[in-house]
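Take a look at the structure set out below.
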2 protein chains.
Amino acid sequence: MTTNRRKPAGRPATLPDVAREAGVSRSTASRALAGYGSVSPDARERVRAAAEKLGYRANQLARSMITGRTHTLGAIVADIQNPFFAGVTRGITDAARAAGYQVLLANTDEDVAAERAAVKMLRDKHVDGLIVAPAATTETGHLAAAHAAGCPVVLLDRQAPGLPADSVTVDNHGAAQDAVRRLLVAGHRRIALVSLLGTAPVGTPADTPGTAPSTALEAAPADPASPDPASPDPVSTGLERIEGYRAALREAGLTDTDTYLRTGTFHREDPADLTAELLSLSEPPTAVFATDSMIALGVLSAARDHGLRVPEHLSVVTFDDTDWARAVRPRISVVAQPVQELGARAVHSLITRIEGTAGTPEHIVLDTEFIERESIASPPDAS
Amino acid sequence: MTTNRRKPAGRPATLPDVAREAGVSRSTASRALAGYGSVSPDARERVRAAAEKLGYRANQLARSMITGRTHTLGAIVADIQNPFFAGVTRGITDAARAAGYQVLLANTDEDVAAERAAVKMLRDKHVDGLIVAPAATTETGHLAAAHAAGCPVVLLDRQAPGLPADSVTVDNHGAAQDAVRRLLVAGHRRIALVSLLGTAPVGTPADTPGTAPSTALEAAPADPASPDPASPDPVSTGLERIEGYRAALREAGLTDTDTYLRTGTFHREDPADLTAELLSLSEPPTAVFATDSMIALGVLSAARDHGLRVPEHLSVVTFDDTDWARAVRPRISVVAQPVQELGARAVHSLITRIEGTAGTPEHIVLDTEFIERESIASPPDAS
DNA sequence: CGCATCATTGAGAACGTTCTCAATCCAAGC
DNA sequence: GCTTGGATTGAGAACGTTCTCAATGATGCG
């Protein structure tokens, strides 16, 4: 007669199988494999051999039920097809894997409802923590709830004033200001900024929709360094870059900072259209600052359609050093962000928070690097 | 006196909490919420109300332990930073979410060992299925094992002859042949192909490493339509594109198909260097076919460094319609792959396999589209 | 009225781990 | 010899669900 409850050939081996094979109890087998408690060298070796013989792999689901840890992180980004987020995601997955974590990925397409749904799904799956590039600055209740319930949140690329969470960003204000300064130094005075912001046009709450396809932002508050916390929903990153742009212009004595400022809405406006409108002005800009690489593509496209050559007729600078920026002709001068490091640092912050104690939120600000290439020249009318 | 085992305020509500609140048993509460078995309308409503009142969310880990389903898919791709895979990943996550699944993401960097490790980790987490762009054609034992153990595998973008798994690809041979034909029609006779293949140089097994930084492939086997199944490890996709290229050249009466064929190794060779070498030949090619967008960037970069203008001096065609291809000057003619659909179809195949029965592997081949733009002209010496 | 059928319900097992705790054993110290 | 203490071990609970099964009550039919 055989022992009853023998392992059927097909089924993957479980801990009782290993214990039986090694002639010890479940408890000892578990201790030997997980490496806690105390186990005699002899038992440890027998368990190890049995586990190897049976090809035993611990069921992480069962383990997670007990330990409360899944070793899984949730990453919620706007759009992996944007090279910036692709790089960030790459940094996240690599750093996570190195630390023994896996990554559950979700896209929001800049939509808060999708973000909320993603948080819900990920928390149902009991991720140990969340890395989020929030779609909105103010609507962060779902993030605060997760954080309060013991599912740490780290903000990536974007800030959310009310949320007591760690964040990893770059100095958007300073980087934008620096980039625009370089255009000013080259002699430009009519410098445009093209950006895509939140999911609704920016302006005062009671603003009537403008007739133009794009709306200029309201004048900045008195203190230019602090973006208005009561402003509507666009993400902090875009706002900070705009403030940096304004600051640089003001610094150069240009008081009318919003003449060439064009912001559109994700999925509604096309950066190429915004640029086309700018280039059709009676006094068109001689330089354009794009707030990310996908917008830069629109700017480039519109410039070409207007028969303008870069940089002879139009200088161009953009955030994000994508692969094409250094391969096209002319090579584009950029504000390079440390994309992979941004993701990696977010992972490290998150894991520290998961494994450590609560504490006051930490805000990591990484350096950007301005890479001078061939897309900036003196303005055409400067001669 | 209170009932013992009351829910402490902090802890999230569990099924027993809901059952107690609704005055029914765990079993009935579970049935009411999961919607199986039979429950009286009255009980169903009381449970629903109790669940809502307590903010109950089922613990998916516990559920998965019983059902054996995690509603999680594993996606293993080479590199999310490659726009092709970024698009595919986007398609995967979107389709998965729509079908009620989440996606666990892993990068391999074209490394089989990393792929093997990823499969192990993902299976430990009990993903319901795997979508894989395999790093190698032959070393697929880990994939076969997963498949055999009831974790279905769907191959994406690449084939693996020995593996009885579904696959979703495009007609690489036909698409490459078509692209090269268009260069031939424009009058080109010296057409180069630049590609990056596996993790080792391609050639006969006993081949000695060439002195040149790149190695030309051995002559094709007698039957040009079927890539040599005994060839070493480069992925099928690249091989098929090369065969399509050769077929087009042969069709045009060019017997020496490998003169301008340059293949490098991931992480070892730079496409720009391969191109530079080609352009330095005494009879340089007048057109280059790049097998993906990142290679095209290298080609463009090398062309610029050689002072060549596209398309006047050099025509360029590439696989993958990335955003920059339609924004740069000149706009690049491309073989567009349905990237998002590739991902979505892989998800659908996988879910069908997960929820349905086993069966003979299905091979889905999607259409590519050649998009004619401005990067093809007649060869400079044709006048 | 007796019996079969059906809907509804709850008790308890099951999933595969980790954790708590008490029991056992052995050597050392008094 | 007896006690102390540490190392080692196994029994059993726990995690939060779903599933199996038997029990109950109501209904319909002959």
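Bear in mind the structure is a predicted one, so any value in this text is a computation, not a measurement. As a basis for the values below, the full set of heavy atoms in this structure was taken, side chains included, without hydrogen atoms, waters or symmetry mates. Every chain is numbered from 1, with letters handed out A, B, ... down the list of sequences.
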Quick one: pull up CG in A/Leu104 and NZ in A/Lys125 and give me the separation to the nearest 0.5 Å.
6.0 Å
Is it true that a side-chain atom of [X] and a backbone atom of [Y] form a donor plus acceptor pair closer than 3.5 Å?
X	Y	answer
A/Thr140	A/Leu143	no
A/Arg46	A/Ala22	yes
B/Thr28	B/Val24	no
A/Arg44	A/Val39	yes
A/Asp124	B/Gln60	no
B/Ser30	B/Arg26	no

Axis deviation across the helix from C/dC1-D/dG30 to C/dC30-D/dG1, five-pair ends, to the nearest 10°:
60°
With a 3.5 Å cut-off and no angle check, do the side chains of [X] and [Y] form a donor-acceptor pair?
X	Y	result
A/Asp111	A/Thr108	no
B/Glu115	B/His142	yes
B/Thr70	B/His126	no

Listing time: all N or O pairs from protein to nucleotides 4-7 of chain D that are below 3.5 Å?
none

Between [X] ([atom1]) and [N] ([atom2]), how many Å, whole number?
X	N	atom1	atom2	value
A/Gln60	C/dG16	CD	C1'	11 Å
A/Met65	D/dT17	CE	P	8 Å
B/Arg46	C/dT8	CZ	C1'	12 Å
B/Arg20	C/dT9	CZ	C1'	18 Å
A/Asp17	C/dC15	CG	P	11 Å
B/Asn59	D/dA14	CG	P	17 Å
B/Arg69	C/dC15	CZ	P	17 Å
B/Lys125	C/dT17	NZ	C1'	15 Å

What nitrogen or oxygen pairs link the protein and nucleotides 22-25 of chain D at under 3.5 Å?
none

C/dG10 phosphate, OP1 or OP2: any side-chain N/O from B/Thr28 under 4.0 angstrom?
yes
Return no unless some side-chain N or O of B/Ser40 is found under 4.0 Å from OP1 or OP2 of C/dT9.
yes
Considering only residues two or more places apart or on different chains, which pairs with a residue in residues 70-81 of chain A satisfy salt bridge (charged side-chain N to carboxylate O under 4.0 Å, His left out)?
A/Asp79-B/Arg90
Residues in salt bridge (charged side-chain N to carboxylate O under 4.0 Å, His left out) with A/Arg116, at least two apart?
A/Glu139
Quick one: which protein N/O atoms are closer than 3.5 Å to N/O atoms of nucleotides 18-20 of chain D? Pair and distance per line, please.
{"unit_1": "D/dT18", "atom_1": "OP1", "unit_2": "B/Arg63", "atom_2": "NE", "d": "2.8"}
{"unit_1": "D/dT18", "atom_1": "OP1", "unit_2": "B/Arg63", "atom_2": "NH2", "d": "2.8"}
{"unit_1": "D/dT18", "atom_1": "OP2", "unit_2": "B/Ser30", "atom_2": "OG", "d": "2.3"}
{"unit_1": "D/dT18", "atom_1": "O4", "unit_2": "B/Arg26", "atom_2": "NH2", "d": "3.4"}

Any carboxylate oxygen within less than 4.0 angstrom of a Lys/Arg side-chain nitrogen, looking at A/Arg158 and A/Glu110?
yes
How about B/Glu362: does its CD atom have over 12 heavy atoms from other parts shown lying under 6.0 Å from it?
no
